[in-house]
Student: 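This is the structure I want to talk about, given as structure tokens.
Just so you know, these numbers come straight off a predicted model, no measurement behind them.
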Amino acid sequence: MPQIERVSPQVDGTVQLVSARSNWTSRSRGVSPDYLVVKRFDLQSGSVFGEEDVGAARNVLLLGQTVSTALFGSESPIGQPVRMNGQPYEV
């Protein structure tokens, strides 16, 4: 369909997130890199994961402000490790 420029699958769930400082239960959404463009979301800091991250199956994640504050307080979460449902990820 020529009218469709971008699409993104999504998988939603509830996850337990654990940082070195705290833990938090939150909703999660697994998406492709195009999701942020489709939804017109801008990042406050950090960078968007890309197709190379997807292709390499890297465990990376983006955090919203509420989860970031709950896990890291006023510290920057960028590059920090987080366990999501027991699996290691990097913010």
Student: Is Q16 close to N23 at the side-chain level, that is, under 4.5 Å between some pair of heavy atoms?
Tutor: yes
Student: Would I78 and S45 count as a side-chain contact (heavy atoms from CB on, under 4.5 Å) here? Give the steps.
Tutor: CA-CA 8 Å; I78 306 302; S45 61; 3.9 Å; yes
Student: Quick check: does any side chain N or O of S19 sit under 3.5 Å from a backbone N or O of L71, one acting as donor and the other as acceptor?
Tutor: yes
Student: So which atom in Y89 and which in V60 form the shortest heavy-atom distance, rounded to 0.1 Å?
Tutor: CD2-N, 3.6 Å
Student: Any heavy-atom pair between the side chains of V38 and V7 that's under 4.5 Å?
Tutor: no
Student: Would you say that S32 contacts P9 through its side chain, given a criterion of any heavy-atom pair below 4.5 Å between the two side chains?
Tutor: yes
Student: Inspect the surroundings of CD in Q44 and state if more than 12 heavy atoms from other residues, nucleotides or ligands are less than 6.0 Å away.
Tutor: no
Student: Under the side-chain contact (heavy atoms from CB on, under 4.5 Å) rule, what do R58 and F49 come out as? Steps first, then yes or no, please.
Tutor: CA-CA 9 Å; R58 289 191 185 98; F49 61 95; over 6 Å; no
Student: Using modelled atom types only, decide if a donor and an acceptor are shared between the side chain of S68 and the backbone of L63 within a distance under 3.5 Å.
Tutor: no
Student: Give the cluster check for V48 versus L61: same hydrophobic cluster or not, with ILVMFWY residues linked at side-chain heavy-atom distances below 4.5 Å.
Tutor: no
Student: Taking the side chain as every heavy atom from C-beta outward, state whether R83 and L17 have any atom pair closer than 4.5 Å.
Tutor: no
Student: Any donor-acceptor pair under 3.5 Å linking the side chain of S22 with the backbone of A70?
Tutor: yes
Student: Side chains of L62 and L36, heavy atoms from C-beta outward: is any pair under 4.5 Å?
Tutor: yes
Student: Looking at V15, is its backbone amide N or carbonyl O close enough to the side chain of N85 to form a donor-acceptor pair, meaning the two atoms are under 3.5 Å apart?
Tutor: no
Student: Count the heavy atoms of every other residue, nucleotide or ligand shown that sit under 6.0 Å from CD of E5, and state whether that count exceeds 12.
Tutor: no
Student: Is the shortest heavy-atom distance from the side chain of T66 to the side chain of W24 under 4.5 Å?
Tutor: yes
Student: If I take atom CD from residue Q10 and atom NZ from residue K39, how far apart are they, to the nearest 0.5 angstrom?
Tutor: 7.5 Å
Student: Do F41 and L43 share a hydrophobic cluster, counting only Ile, Leu, Val, Met, Phe, Trp and Tyr and linking them when any side-chain heavy atoms are less than 4.5 Å apart?
Tutor: yes
Student: Would E90 and N59 count as a side chain to side chain donor-acceptor pair (under 3.5 Å) here? Give the steps.
Tutor: CA-CA 6 Å; E90 181 180 323; N59 286 354; over 6 Å; no
Student: I want to check something: taking the side chain as every heavy atom from C-beta on, are Q80 and F72 in contact at a cut-off of under 4.5 Å?
Tutor: yes
